[in-house]
Amino acid sequence: MTKITCIYPQYLIPVEPRTTVLTHHALVMQDDKILAVLPADQARQQYASAQHLEMPEHALLPGLINLHAHSAMSLLRGLADDLSLMDWLNHHIWPAEKKHVSDEFVFDGSVHAMAEMIRGGTTTVNDMYFCHEAVARAGVHTGMRTIVGCSILEFPTVYANDADEYISKALAARQSFVGQAGISFRLAPHAPYTVADETFSKIIALSEKLGIDIHCHIHETQDEVDTSLKQYGMRPLERLHQLGLLSPALIAAHVVHANDAEIALLARQGVHVAHNPASNLKLASGFARVHDMQTAGIQVGIGTDGAASNNKLDLLGDLRMAALLSKAQSGNPTALNASIALEMATLSGAKALGMDQQIGSLVAGKQADLIAIDLSAIETQPLFDPISQIVYAAGREQISHVWVNGKCLMSDRVFCDLQMDQLLDKARWWQKKIAVATV
């Protein structure tokens, strides 16, 4: 039976057109889609028999899109803090993963992360990790729209022995979830310093043959650039361009160390960038030139990275951080204004994923991925500009309702299906298991 719901917020922020804020309007959902955005009086009259949800102190906007995450690493949150990237990876994270990564670890960690993200208003995650089917099952279990990035490396882990096995497992996992709503897959070569030319060539060929897009860490640290110059005689982006990786099919995560020529190259090739301000700061990776990238025409979305290097999966908080950093880095207080920042976390992320016809804005015909933010708290009053208030003042604890595909995942800060006590019990169980192993 068709279900129609009319939502009446104080502010309806569709994201497109940019800067638009509608008052006295309603959003009408029919099953999993947005049926209409129209004046409130018209909605009440036209859909009198529908379910009506009054939200007189809320803003309604598209669900946030986390463009780069390692969800399962939520179970490693706080395990190894205040270290450089390579020290963090080589001496702490990779050894911990060698001991603990399994289907159970990845499923439990991903569910935990997705629950945290849902509470923070994230409705879509572009993930990158091992045990790909476990990540996909977590997405189905939580209701999170999930892009499963299938990690590919040259060296062995507990998940696979070599690049060919990683690729084989990625394709098998993708096949297992054909037709599953809300779940899709990407090939995710880890980084230029962990993937050989031959493997990149195989990934590019598969991407073109099967229509699978690509997700890769690129230019995250200066050390990565320096190592590439020594090993290949060129910077990573030049090498990847020669291999044919740079295209609209690629989401490049981080891109902290890009010069003028490389920014122009990324723009020409249509590469999308996932900006990760919190982890870039925490690992002292540097300051991405987001304003310059956007000025060049690059589609820049925003990611949290993993909880092991952030340590919060708080996209709203990271959005504020990104806006402030961009102003300081560029020396331009008008850079990355509130409307563009909000677009980064919604429509720009959707465009980077090639999903802007489905999600990213509140437009009739798109999937009903929505969030409501209660702006009545003292922290967001007085209120002159709701978009500015959301980006610069609101906290994730003010997100009250979340819908994905028209299904309500959280109502008045309470999960509709997930059980908080079970999530916490599972996290504590893993804490004890990991703590014993690291003693």
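Sequence positions, counted from 1, serve as the residue numbers for this chain. Here the structure is a predicted model, which is why all the values come from computation and not from measurement.
- Put simply, the side chain of R396 reaches to within 4.5 Å of the side chain of E116, judged on heavy atoms.
- For the ring-ring contact (aromatic ring centres under 6.0 Å, His included) test with H68, the passing option among H254, H275, H272 is H254; the others fail.
- Checking side-chain atoms of R413 against main-chain N and O of I399 turns up a donor-acceptor pair under 3.5 Å.
- Here CD1 of I183 is found 10.0 Å from CE of M144. Values are rounded to the nearest 0.5 Å.
- For the pair N126 (side chain) and L67 (backbone), a donor-acceptor distance under 3.5 Å is present.
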As a quick check of understanding, evaluate side-chain contact (heavy atoms from CB on, under 4.5 Å) for D31 and T2, giving each step before the final call. CA-CA 6 Å; D31 299 326; T2 295; 3.8 Å; yes
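- Of all heavy-atom pairs spanning P277 and L325, the tightest one is CB-CD1, 3.8 Å.
- Side chain to side chain, Q30 and K3 fail the donor-acceptor criterion of an N or O pair below 3.5 Å.
- Q269 places a side-chain N or O within 3.5 Å of a backbone atom of L246 that can act as its donor or acceptor partner.
- Counting heavy atoms from C-beta on, the side chains of V101 and C131 come closer than 4.5 Å.
- Counting heavy atoms of neighbouring residues, nucleotides and ligands inside a 6.0 Å radius, atom OH of Y193 exceeds 12 of them.
- With hydrogens and angles disregarded, no donor-acceptor distance shorter than 3.5 Å links the side chain of Q381 to the backbone of I378.
- Here the side chains of M344 and V300 are in contact, with some heavy-atom distance below 4.5 Å.
- At distances below 3.5 Å, at least one donor-acceptor pair connects side-chain atoms of N310 with backbone N or O atoms of T304.
- For the atom pair OH (Y392) and CG (L319), the distance works out to 9.0 Å, reported to the nearest 0.5 Å.
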Output, in order, the C-alpha distance, side-chain angles, deciding distance and verdict of side-chain contact (heavy atoms from CB on, under 4.5 Å) for D127 and V148. CA-CA 5 Å; D127 203 66; V148 182; 5.8 Å; no
Can H217 and H190 be said to form a ring-ring contact (aromatic ring centres under 6.0 Å, His included), step by step? CA-CA 6 Å; H217 301 92; H190 173 260; 4.9 Å; yes
Determine, stepwise, if the pair S361 / K366 fulfils side-chain contact (heavy atoms from CB on, under 4.5 Å). CA-CA 8 Å; S361 60; K366 289 194 177 187; 2.6 Å; yes
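- Of all non-hydrogen atoms in R145 and V404, the two that sit nearest each other are N-CG1, 4.2 Å.
- Under a 3.5 Å cut-off, the side chain of N276 and the backbone N or O of A274 do form a donor-acceptor pair.
- Closest approach of A163 to I152, counting heavy atoms only: O-CG2, 4.2 Å.
- For the side chain to side chain contact (heavy atoms under 4.5 Å, CB included) test with L61, the passing option among L370, I390, I387 is I390; the others fail.
- Between G78 and N311 the shortest heavy-atom distance is N-ND2, 3.4 Å.
- The nearest pair of heavy atoms linking A338 to V391 is O-CG2, 3.5 Å.
- Atom-to-atom distance recorded for L60:CG and H25:NE2 is 12.5 Å, nearest 0.5 angstrom.
- Summarising the geometry, atom OH belonging to Y129 is positioned 4.5 Å from atom CZ belonging to F105; distances are rounded to the nearest 0.5 Å.
- A salt bridge is absent between R239 and E224: the closest approach of a Lys/Arg side-chain nitrogen to an acidic carboxylate oxygen does not fall below 4.0 angstrom.
- Residues H112 and R77 meet the side-chain proximity criterion, which asks for heavy atoms closer than 4.5 Å.
- Counting only distance, with no hydrogens or angles, the side chain of H215 and the backbone of D213 share no donor-acceptor pair below 3.5 Å.
- Put simply, the side chain of L336 does not reach to within 4.5 Å of the side chain of H291, judged on heavy atoms.
- For the atom pair CD1 (I371) and CG (D369), the distance works out to 10.5 Å, reported to the nearest 0.5 Å.
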If you apply the rule side-chain contact (heavy atoms from CB on, under 4.5 Å), what do you find for M410 with H401, and how did you get there? CA-CA 5 Å; M410 185 174 74; H401 294 68; over 6 Å; no
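- Panel note: side chain H219, backbone V256; no donor-acceptor pair is recorded below 3.5 Å.
- In this structure, the side chains of D292 and S330 stay at 4.5 Å or more apart for every pair of heavy atoms.
- Summarising the local packing, CZ of R174 is surrounded by more than 12 heavy atoms from other residues, nucleotides or ligands at distances under 6.0 Å.
- F177 and R137 make their closest contact through CZ-CG, 3.8 Å (heavy atoms, listed as atom of the first residue, atom of the second, distance).
- Taking the side chain as every heavy atom from C-beta outward, E97 and M73 approach each other to under 4.5 Å.
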Going through the distances and angles, do K312 and E397 end up as a salt bridge (Lys or Arg N to Asp or Glu O under 4.0 Å)? CA-CA 13 Å; K312 299 162 66 175; E397 68 281 355; over 6 Å; no
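- Using modelled atom types and a 3.5 Å distance limit, the side chains of D374 and Q398 yield no donor-acceptor pair.
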Working note: D417 + K407, criterion salt bridge (Lys or Arg N to Asp or Glu O under 4.0 Å); need CA distance, chi angles, decisive distance, verdict. CA-CA 11 Å; D417 295 319; K407 180 180 179 181; 3.0 Å; yes
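- Taking CG of D41 as the reference point, atom CD of Q46 lies at 12.5 Å (rounded to 0.5 Å).
- Within the 3.5 Å criterion, the main-chain N or O of I167 finds no donor-acceptor partner in the side chain of K202.
- At least one side-chain heavy atom of M355 sits less than 4.5 Å from a side-chain heavy atom of I147.
- Here the side chain of Q299 pairs no donor or acceptor atom with the backbone of A352 at under 3.5 angstrom.
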